[in-house]
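Take a look at the structure below.
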Amino acid sequence: MKKLIIAGGTGFLGKSLIEYFSPKFDNITVLTRGKSRLIKNIKYLNWDAENIDDWQQEIEGSDVLINMTGRSVDCRYNQKNKKIILNSRVNSTKVLDQAIQNSIEPPKVWLNSSTATIYRHSLDIEMSENGGEIGSGFSVEVAKAWENAFFSSVKTGTRKIALRTSIVFGKGGGAFTPIKNLAKLGFGGKQGLGNQKVSWIHIDDFVRSIEFILQTEDINGVINLVAPKPTNNFKLMKTVRNSLGVPFGIPLPKGLLEIGARLIQTETELILKSRNVIPTKLLKAGFKFKYNTIFSAIEEICN
């Protein structure tokens with residue numbers, strides 16, 4: 001394909017998408033809050049993620065738009081941060097939609113980030129796209145507003161997919177780095193009760209699944225971007241310790257996690273919520289995961 005647009009493409013996931021797709025597209029435009037610049041076939045273009053500006057010209061005639069924009073949820077959920085988290089997702093989605101509505105030749109495909117956190121805390125029932133039960137609370141309300149902003153328009157000619165992604169594990173960044181550091185410090189035991197489910201996906205399967213979605217024209221709507229087999233917190237931390245050669249891991253009970261979360265300005269929900277999500281649509285469409293188990297994923301990352 002000729003042209004890919006990535007909004008908010010300077011984080012761990014965005015950089016991974018750029019690296020994977022740069023040989024596959026003639027041109028890539030990254031909409032970023034940073035400085036505008038050109039590196040080989042990749043154009044970085046400044047935008048504020050809220051207002052129509054010169055960047056909307058890039059939307060015209062593009063093949064694919066991927067929106068990764070959103071303030072990190074790794075913070076305290078006070079009123080100020082809640083507003084920033086919500087607005088960064090909803091406003092960027094709305095302004096991209098406005099640019100598409102204004103275009104004569106809109107993108108063929110629009111993939112918009114969402115989150116597997118939209119499903120309820122579940123220790124027993126696996127959540128698929130069709131049968132999954134939507135949860136409650138701040139994070140869920142953000143996810144619902146995000147997807148509503150995405151699906152509310154009816155522009156014809158653009159296939160739309162909301163990516164309900166859970167934790168993405170990979171080398172060089174993302175969610176695995178703090179987990180690895182905790183284990184190395186000796187705090188790699190279970191967190192809370194340790195039975196909470198952890199839905200995850202290896203970064204290689206993340207980018208491969210994006211390509212698969214682009215190539216599979218009958219995939220649309222919401223899709224769970226997670227590995228087929230959720231693990232749990234106890235097994236995850238044990239696998240990380242074993243892969244790093246750390247002989248023990250001090251467990252962190254909920255009370256201690258609450259204190260630690262306040263000290264480092266984050267929320268325990270990121271660790272304690274049970275995300276029990278499966279990729280029913282991807283599997284039915286024929287996608288083959290390279291990393292089906294948490295053991296194979298962690299082993300590759302650590303070695």
Side-chain angles (χ1 to χ4, degrees), residues 3-21 25 28-37 42-60 62-75 77 80-103 106-107 109-118 138-153 155 158 160-168 173-175 203 206-207 210 213-214 222-223 225 270:
K3 188 173 184 180
L4 167 65
I5 312 294
I6 303 178
T10 54
F12 174 63
L13 299 185
K15 289 177 180 177
S16 299
L17 288 172
I18 291 168
E19 180 181 0
Y20 185 79
F21 282 114
F25 283 85
I28 296 178
T29 296
V30 180
L31 302 180
T32 172
R33 293 181 184 274
K35 293 181 179 180
S36 297
R37 60 196 188 277
I42 304 167
K43 179 194 295 186
Y44 292 84
L45 194 61
N46 178 264
W47 79 323
D48 65 2
E50 291 184 350
N51 298 289
I52 289 290
D53 208 333
D54 291 344
W55 59 263
Q56 76 168 327
Q57 299 172 13
E58 300 293 326
I59 300 294
E60 190 72 47
S62 60
D63 294 282
V64 178
L65 168 62
I66 304 176
N67 180 24
M68 310 294 294
T69 308
R71 200 258 205 217
S72 172
V73 295
D74 188 9
C75 62
Y77 290 169
K80 178 182 177 181
N81 287 340
K82 283 182 176 182
K83 184 177 180 180
I84 295 172
I85 288 169
L86 176 63
N87 289 347
S88 65
R89 287 157 173 75
V90 172
N91 291 349
S92 62
T93 301
K94 286 182 176 180
V95 78
L96 286 170
D97 178 65
Q98 184 181 348
I100 290 175
Q101 298 291 338
N102 293 342
S103 63
V109 188
W110 179 8
L111 279 65
N112 210 66
S113 290
S114 183
T115 173
T117 299
I118 197 170
F138 168 68
S139 297
V140 172
E141 292 306 312
V142 169
K144 288 162 62 178
W146 200 0
E147 290 189 2
N148 182 62
F150 180 54
F151 288 117
S152 60
S153 68
K155 179 76 174 184
T158 298
K160 300 167 74 172
I161 303 97
L163 307 173
R164 290 180 175 174
T165 309
S166 192
I167 299 173
V168 182
I203 188 63
F206 174 81
V207 295
I210 295 293
I213 291 168
L214 296 180
V222 300
I223 189 162
L225 231 58
L270 303 176

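Residue numbers start at 1 and run along the sequence shown.
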Looking at [X] and [Y], what are the two nearest heavy atoms and their distance?
{"X": "Val109", "Y": "Thr158", "answer": "C-CG2, 4.2 Å"}
{"X": "Asn112", "Y": "Trp146", "answer": "ND2-NE1, 3.4 Å"}
{"X": "Ser62", "Y": "Ile5", "answer": "CB-CG1, 3.8 Å"}
{"X": "Phe151", "Y": "Val222", "answer": "CE1-CG1, 3.9 Å"}

How many angstroms lie between atom [atom1] of [X] and atom [atom2] of [Y], to the nearest 0.5 angstrom?
{"X": "Asn46", "Y": "Thr32", "atom1": "CG", "atom2": "OG1", "result": "7.0 Å"}
{"X": "Lys94", "Y": "Asn87", "atom1": "NZ", "atom2": "CG", "result": "9.0 Å"}
{"X": "Leu111", "Y": "Ile66", "atom1": "CG", "atom2": "CD1", "result": "5.5 Å"}
{"X": "Lys15", "Y": "Ile6", "atom1": "NZ", "atom2": "CD1", "result": "12.5 Å"}

Exceeds 12 heavy-atom contacts within 6.0 angstrom, atom CD of Glu141: yes
Residues that Phe21 engages under ring pair (Phe, Tyr, Trp, His ring centres under 6.0 Å), provided they are two or more places apart: Phe25
Set of ring pair (Phe, Tyr, Trp, His ring centres under 6.0 Å) partners for Phe138, sequence neighbours left out: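 Counting only residues at least two positions away or on another chain, Phe138 forms a ring pair (Phe, Tyr, Trp, His ring centres under 6.0 Å) with Tyr77.
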All side-chain hydrogen bond (donor to acceptor under 3.5 Å, both in side chains) counterparts of Trp47, not counting sequence neighbours: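 Checked Trp47 against side-chain hydrogen bond (donor to acceptor under 3.5 Å, both in side chains); zero matches.
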Counterpart residues, side-chain hydrogen bond (donor to acceptor under 3.5 Å, both in side chains), relative to Ser114 (two or more places apart): Glu147
Residues which pass side-chain contact (heavy atoms from CB on, under 4.5 Å) with Asn148, listed by chain and number, not counting sequence neighbours: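 With neighbours one apart ignored, the set is empty.
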side-chain contact (heavy atoms from CB on, under 4.5 Å) involving Gln98 - partner list, sequence neighbours excluded: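 Ile52, Val95, Asn102.
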Pair Thr69, Asn67: side-chain N/O donor-acceptor within cut-off below 3.5 Å: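 Checked: Thr69/Asn67 side chains pair up, N/O donor to acceptor below 3.5 Å.
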